[in-house]
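Presented below is the structure to which this report refers.
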Amino acid sequence: MQRTDTAPKPVSMPKLSRETIVNIAVMAILLALPLWASSIGEDYYVNLASLITIFAIAGVGLNFAIGQGGMVSFGHAAFFGIGGYTTGIAAFHSFEETLFVAMPFAISGTNQMLIIWIVAMVICGIAALAIGAISLRTEGVYFIMITLAFAQMIYYFAISWPTYGGEDGLSIYLRNQLPMVDAESALTFFLVCFILLLGAIFVSARLSGSRFGAALGTARMNETRLATSGIDPFPIKLTGFVISAMITGLAGALFAELNGFVGPSMLSWHRSGEIMVFVILGGVGRLYGPVIGAALFVLLETYIGEWTQHWQLLLGLALLGVVLFARGGVMGMIAGRARHD
Amino acid sequence: MLLEVKGLEAHYGAAQALFGVNLSINEGEMVAMLGRNGMGKSTTISSICQMVTPTKGTIEFCGQSLNRMSSHKAARLGLGLVPEGRRCFPNLSVLENLSAAARKGAWTLDRVYDLFPRLKERKSQSANTLSGGEQQMLAISRALMTNPKLLILDEATEGLAPVVRGEIWQAIARLKKEGLSILIVDKTLKELLPLADQAVILEKGESVWAGRPDTLTEEMKDRYLGL
Amino acid sequence: EVKIGMITTLSGGGSTLGIDVRDGFELALKQAGASDVKLLVEDDARKPDVAKKLADKFIQKDKVDILTGIIWSNLAMAVVPAATRKGTLYISPNAGPSALAGKACHENYFNVAWQNDNLHEAMGSHANKADYKKTFILAPNYPAGTDALKGFKRMYKGELAGELFTKLGQDDYAAEIAQIRASGADSVFFFLPGGMGIAFMKQYAQSGVDVPVMGPAFSFSQDILPAIGDAALGVANSSQWGKDIESEVNAKFVKGFKEAYGRLPSLYASQGYDAANLILSAMEKADVSDKDDFRAALKEADFASVRGDFKFGNNNHPIQDIYVREVVKEDGQITNKIVGVAIKGHQDAYASKCRMK
Amino acid sequence: MTAALIFEQVLNGLQFGLTLFLMAAGLTLVFGVMGLINLAHGSLYMVGAFCCAWITQQTGSFWLGLGGGVLGAAAAGALIEMLVIRRLYDRDHLDQVLATFALILIFSEGTRMVFGSMPLYLNIPAALGGTMALPGVEAYPVYRLFIILAALAVAMLLYLLISKTRLGMRIRAGESDREMIAALGVDIKTLYTIVFALGAAIAGLSGALVGALRSVQVGMGEPVLILAFVVIVIGGIGSIKGALIGSILIGLVDTLGRIFIPVILKFFMENASANSIGAALSSMLIYLMMAGILAVKPKGLFNATN
Amino acid sequence: MTKPVLEVKGLHKSFGALQATKNVSLDLKPNEIHALIGPNGAGKSTLIGQIAGWITPDSGSIYLDGEDVTSETVASRSRKGLGRSFQVSSLAMEVSARRNVMLSVQASQGSSFRFWKQTKSDEELRETARNWLRKVGLSGREDIAVSELSHGERRQVEVACALALAPKALLLDEPMAGLGPTGSIQLTEFLEEIRPEIPILLIEHDMDAVFRLADRITVLVGGAAILSGSVDEIRASALVREAYLGEEA
Ligand SMILES: Nc1ncnc2c1ncn2[C@@H]1O[C@H](COP(=O)(O)OP(=O)(O)OP(=O)(O)O)[C@@H](O)[C@H]1O
Ligand SMILES: Nc1ncnc2c1ncn2[C@@H]1O[C@H](COP(=O)(O)OP(=O)(O)OP(=O)(O)O)[C@@H](O)[C@H]1O
Ligand SMILES: [Mg+2]
Ligand SMILES: [Mg+2]
């Protein structure tokens, strides 16, 4: 029924779309730089790459909620922080050789990362189940604000809870351990983070393409449609929210390991905003968007900070430029509008 | 000449929707725009009202070129739009819908209420809870309240009960008799054609025929309108 | 050559403290004409993880010998334990959390300012001297706040008219002031750093309550006094330094600071100045590449502190006199004047928990 | 604890709530009416306070400063509307969050570059200094009463503007369908600039008024901003009435909570822990209340649409 | 007598002072098209809303295949076999027509909590969706985003979505609205075709279609069902002429 000026797309589509090429390039650079830096003994850059990777995982988590389920959470710092505190508290008890809970059964601390990750994700999942069950009754801006409210509650709780340091936070004196590898080594730790990032992206992609993903995506686009098709939106969205929180929680646990420190600033609304910035900068709903977003943000923050004391002004201008002139984030700018088959 | 459109082309993103539409309306005339689904009738209307920016062609209204004019300025020259899908302001009451954009002139609240008494009954109800037909009446009235020189009706009788449809046709006939110029798109040719002074047929985004409605042959109706 | 990495707060809330520390530090280097010191300064924006990242950068990339500059306890806790454990020296020009003075003390960590509780303890001791019997005390509900009230109570012998923890960042104190009025207190001690203190003092002055107020120097330091204005006049506050301490080095510092930056120096500037001078004094005695030597030289604290006598205790925290200052107007400018000594040769309460000798 | 003290605390809560309302009013106007999440609203509050403090310092007149604060914020608002905000109306909330987050950074750093890092001096005018006796309260600061009155006046004017004037109708119409209201001949672009500047002016007013009570420093807008968001969400976005009720509710709950929770806890536990747990609880209280209200009424207490 | 597939008993609904549904009882039998007509604002959409579960009735009950579903959610009614279209299309606009239909197919096949298998390579799911789209006359348009389809085509997608649920009963709210003459005729023929399998409760202002399709017509005025009967009975009623049809009958 309509004509187009130019022939739409060449018939023999090249196998790799532009987005795929960008994705591969970004991941290759993210992997190659620390390998190179480590080879010349500059662990600082390796840690910087780990930081980007960890932020990217947090972003992948939030992106699943926003990009797939349309749940714009302004409280994901809660999960990031809970993941972090799980690590911090486990390490604290393991270091002090005290028990976390004595009654009704004894739970001691641990310094095994694998266990900590699982526990952190489970706790985040439970927290998200509770927060989501209440928050998902609301929508739009109300959802943004109620998630913020829950995060703020946890933030104030952490600040005034003396056992684990309150505002001063908790130091992790020794990085926790992984079986068979030396997690203290910057490069090894980076590789672990990188593999987890790949895992998070893979899981997120798989889920998005599944029947569950189809339902979740429809919940974002048109909830009425979803219900009319016979699928209750609420449990679908809640499940999506929980999965998203668990991924972000894992990132929090890694962040604590990287810094050797946890504190309430992991839970603050600025942190929620930053995770959201990673997602938007990279491009909402783009699988690898958060990687680009996190990399860009960390690099801007690090390098503008070196130039000038007024780096926040430049950072602000840079962010503003991206929103105004690169619709759909950096990925949108490079690879065009998102396509859903 | 009240409105003159020449060689109009328009795009949605990369996809071209209009490929050259010509259309002219004289003072006091009622012109029907005909065509099957998706042939570009609504797009032509949006282009006239500057809601879609034409990529080619000229639009002249009251001797003034509308090209590149912003939508509100074009409207103030005297375009009164009843859009496809009604688009009443859902969060405003009926009364507020009517008065928000009203401009001085012959059409007043009383006259509109006279035309559609149902609206008076519902004047403080918010528009999102009106029934479909009530919303349609509201949309027409809202356009009248701006006291336009040219009333543009896009599918103004869609989804209306037969009696109401009858009423609306009567109202349109009355408006025409009072000398209001009208550009109209509607499915029900049975009621439309007897009223119209001129008709234009769009086919795939192009105006392919223009003339008096009674000169429309059955063969053309079949070919262009699917009757 | 000695490479020093300074991580401090130069943007966002509380940046005046960081700026003063930096300026004081740079002034000392300039006055000493130290050409063999390379100072790198970066802004932590008051975020623990940024501070941590900067510390990594200074240690791993720039290979600095000494770190310094952190203002806030929570940032110090994020940076110091790991850095000192890895063998980097850390000289604190401000934050002195109790953990680092006690159980978690470390030979590579030196604090030239105070242990966090010091000024509060001094104020408690001052309250006894001023013969206050019923003091109302308040602080924000976070570790520094609870430590502050603990510190005050450690010395104070009178009875408490009330004890309140406020929300961190709170800026309306009408409700608290009403409680003070109703409590029948004969004095008020508060620890509300930054904007919280400004808001409290202004509102207190407007409230018509005329019970005398006292607090640590933080709410009356030169960087915020002008913002409080006349409402601060007459308030007693404790500080280990004052610009009117009579010594050659202090005069040189105050004059130099005014000339270089066009404003009066604050307590924080004096701490930055002392930190730099401490490092310079050690550099004269030892080479920084020999860690043990250099540490020993630092511990001797053989430098002229702007506050007068200064030495380190077993936990590398100062043993020092703490003064009582009063807010006054001098030539139309609001500032502090020393009116007495609150406590002499004071050492912090955590020193005994530190394993070091 | 006496009845008089409780009454005074209620008054304090009310007053605290109304200062919040001043901030929330402009926010809900822009947020509800134009559908824009403006995180930079706190920056406009800061601009108002800084302009007021600076002009007061230069001229010695608080009232000139107040006027300058309002105008300065309005001008800043109009400027960012035309340069930035205008491009965000038809974007989703995410883009708005990011862009206005960027504006916060720009404003904060810009203000620091102009005025330096030190807090500025701004005190209440002598005419409004001092206290007066109220029934049940022996001495209540006059300035706080003045703020109460100012907030109520703003509430009244805004309510009338939005719900009773044609300007208000057009603004609301634009919220649901900008394209359509423009097609009916309303210059929605200019209208929105005006509304945004109006919202900014109210933020500036509250910054100037409240700044004299608190501290005028970079970043002063952020804590208030979050509270103001809480207020308008509780009240129902876009509803001036909701913002008013919401802010009073928050003011009362926060004030009474932080005073009485420790008192109540002291019945159950020793003093020190009652104090710190009470403080912890009361800082979480308003968020707890917000979650509770939204769980029951997901669109706030007074939703403007429906 | 055959058992009705859908039965509504004594339904009441008020919006404030306005009584939008007044004691309405009606049923839908197998193999029939039951048309619901009435003036604008008579409460037809409100009635459909209550049957589908979007609006909670003040009193009365709704039975689907003999089971009381009055307190069930929208989704569960859909799963139990109630398909519907909306007066204004409600689809996921950003994705293709096929994706919209696939969702209904997937729901009809059971739980959506399947996390791993990719729908893209689920040929059966895609094929089924394609079949439904072909049935409503949208072959060749499956992979176009709904936002790029015309008004009329969207209506067809919506009907396909409803059919894909393999419903026991179909609620169609003005499916002809926005369709040109050709489209209306096609859709009429199609509904004719599925009538033997799926009974339809049809709201429509297009009287040509109603008179051609309906086995039974119920007239709703002011929230109440004032008359129910065959096409001829309704055409003949003076009351209906006056309240609704006007000159058109
Ligand atoms: N927002 C849009 N984006 C992309 N394409 C569009 C958009 N609106 C319409 N089109 C396309 O433009 C063409 C013309 O559509 P238009 O709505 O003008 O037709 P019409 O004659 O009004 O049809 P109908 O009778 O169905 O209302 C159609 O092919 C349609 O698919
Ligand atoms: N949420 C509501 N609040 C108040 N009144 C409402 C609400 N929903 C519907 N109404 C009113 O109930 C009446 C019935 O509306 P309904 O949409 O059911 O009519 P309808 O028969 O479908 O009309 P149409 O054929 O025009 O679509 C109308 O007068 C409408 O204004
Ligand atoms: Mg059309
Ligand atoms: Mg209807």
Side-chain angles (χ1 to χ4, degrees), chain C residues 9-20 46 139-142 145-146 149-150 160 162-179 181-183 194-203 205-209 222-231 263 334, chain D residues 1-2 4-5 8-9 11-13 15-16 19-20 53 105 108-109 112 116-124 128-132 137-144 210 212-220 222-224 251 254-256 258-259 262 271-272 275-280 282-283:
Chain C
T9 304
L10 302 173
S11 66
S15 57
T16 54
L17 283 68
I19 291 171
D20 272 7
R46 205 179 172 170
N141 190 36
Y142 76 124
T146 43
L149 297 193
K150 258 191 236 151
L160 289 182
E163 179 176 5
L164 266 188
F165 286 110
T166 61
K167 185 155 117 185
L168 190 63
Q170 183 176 323
D171 49 16
D172 194 301
Y173 293 92
E176 286 74 12
I177 292 170
Q179 276 194 308
R181 190 205 313 270
S183 71
M196 293 185 275
I198 300 177
F200 177 81
M201 279 314 295
K202 277 194 198 174
Q203 292 165 25
Q206 290 159 20
S207 72
V209 180
Q222 201 58 50
D223 53 326
I224 59 172
L225 266 184
I228 307 178
D230 291 353
R263 61 178 196 270
I334 298 186
Chain D
M1 192 152 298
T2 64
L5 181 59
E8 184 176 352
Q9 296 297 25
L11 197 61
N12 282 329
Q15 184 272 138
F16 177 52
T19 51
L20 265 183
L105 296 178
S108 296
E109 206 49 51
R112 193 194 321 282
S117 303
M118 307 257 184
L120 293 197
Y121 174 75
L122 175 64
N123 212 336
I124 57 175
L128 296 176
T131 60
M132 61 187 286
V137 182
E138 55 178 289
Y140 201 79
V142 175
Y143 190 70
R144 289 185 184 259
V210 177
L213 205 57
R214 302 180 184 169
S215 63
V216 180
Q217 59 182 4
V218 173
M220 62 187 282
E222 285 177 29
V224 208
D254 187 63
T255 303
L256 298 180
R258 63 183 206 249
I259 298 307
N271 263 355
N275 276 336
S276 76
I277 295 179
S282 57
S283 51

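A quick note: this is a predicted structure, and the numbers were derived from the prediction, not measured. In the text below, chain A, chain B and the rest are named by the order of the sequence lines, each starting its count at 1.
Put simply, the side chain of P140(C) reaches to within 4.5 Å of the side chain of M196(C), judged on heavy atoms.
Residues R144(D) and Q203(C) have side chains that bring a donor and an acceptor to within less than 3.5 angstrom of each other. N12(D) and Q15(D) form no side-chain donor-acceptor contact under 3.5 Å, judged by distance and modelled atom types alone.
Residue I177(C): no heavy atom, backbone or side chain, is found under 4.5 Å from chain D. Looking at A178(C), the atoms closer than 4.5 Å to chain D (heavy atoms on both sides) sit in the backbone and in the side chain alike. In this structure, the portions of D172(C) lying under 4.5 Å from any heavy atom of chain D include both its backbone and its side chain. If you measure heavy-atom distances from E222(D) to chain C, you find no contacts under 4.5 Å at all. Of the atoms belonging to S108(D), not a single heavy atom falls under 4.5 Å from chain C.
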### Message
Could you walk me through whether L10(C) and I19(C) satisfy the side chain to side chain contact (heavy atoms under 4.5 Å, CB included) test, starting with their C-alpha distance in whole Å, then the side-chain angles of each, then the deciding distance to 0.1 Å, before giving a yes or no?
### Response
CA-CA 6 Å; L10(C) 302 173; I19(C) 291 171; 3.8 Å; yes
### Task
Could you walk me through whether L17(C) and R46(C) pass the side chain to side chain contact (heavy atoms under 4.5 Å, CB included) test, one step at a time?
CA-CA 11 Å; L17(C) 283 68; R46(C) 205 179 172 170; over 6 Å; no
### Message
What verdict does the side chain to side chain contact (heavy atoms under 4.5 Å, CB included) test give for M201(C) and I198(C), after you've listed the backbone C-alpha separation in whole Å, the side-chain angles of each residue and the deciding distance to 0.1 Å?
### Response
CA-CA 5 Å; M201(C) 279 314 295; I198(C) 300 177; over 6 Å; no
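The candidate with the highest count of non-hydrogen atom pairs below 4.5 Å against chain C, out of P141(D), P119(D), A53(D), is P119(D). Per-residue heavy-atom pair counts under 4.5 Å with chain C were compared for V218(D), I124(D), V224(D), L256(D), and the maximum is reached by I124(D). For the set D254(D), L120(D), L11(D), L128(D), the count of heavy-atom pairs under 4.5 angstrom toward chain C peaks at L120(D). Interface check for chain C: of the options G13(D), A139(D), G219(D), the most heavy-atom pairs under 4.5 Å are formed by A139(D). Taking L122(D), V216(D), T19(D) one by one and counting their heavy-atom pairs under 4.5 Å with chain C, the maximum is reached by L122(D). Heavy-atom pairs under 4.5 Å with chain D peak, among D171(C), T16(C), L149(C), at D171(C).
The shortest non-hydrogen separation linking R258(D) to Y173(C) is NH2-CA, 4.4 Å. The minimum heavy-atom distance linking G145(C) with A139(C) is given by the pair O-CB, 3.6 Å.
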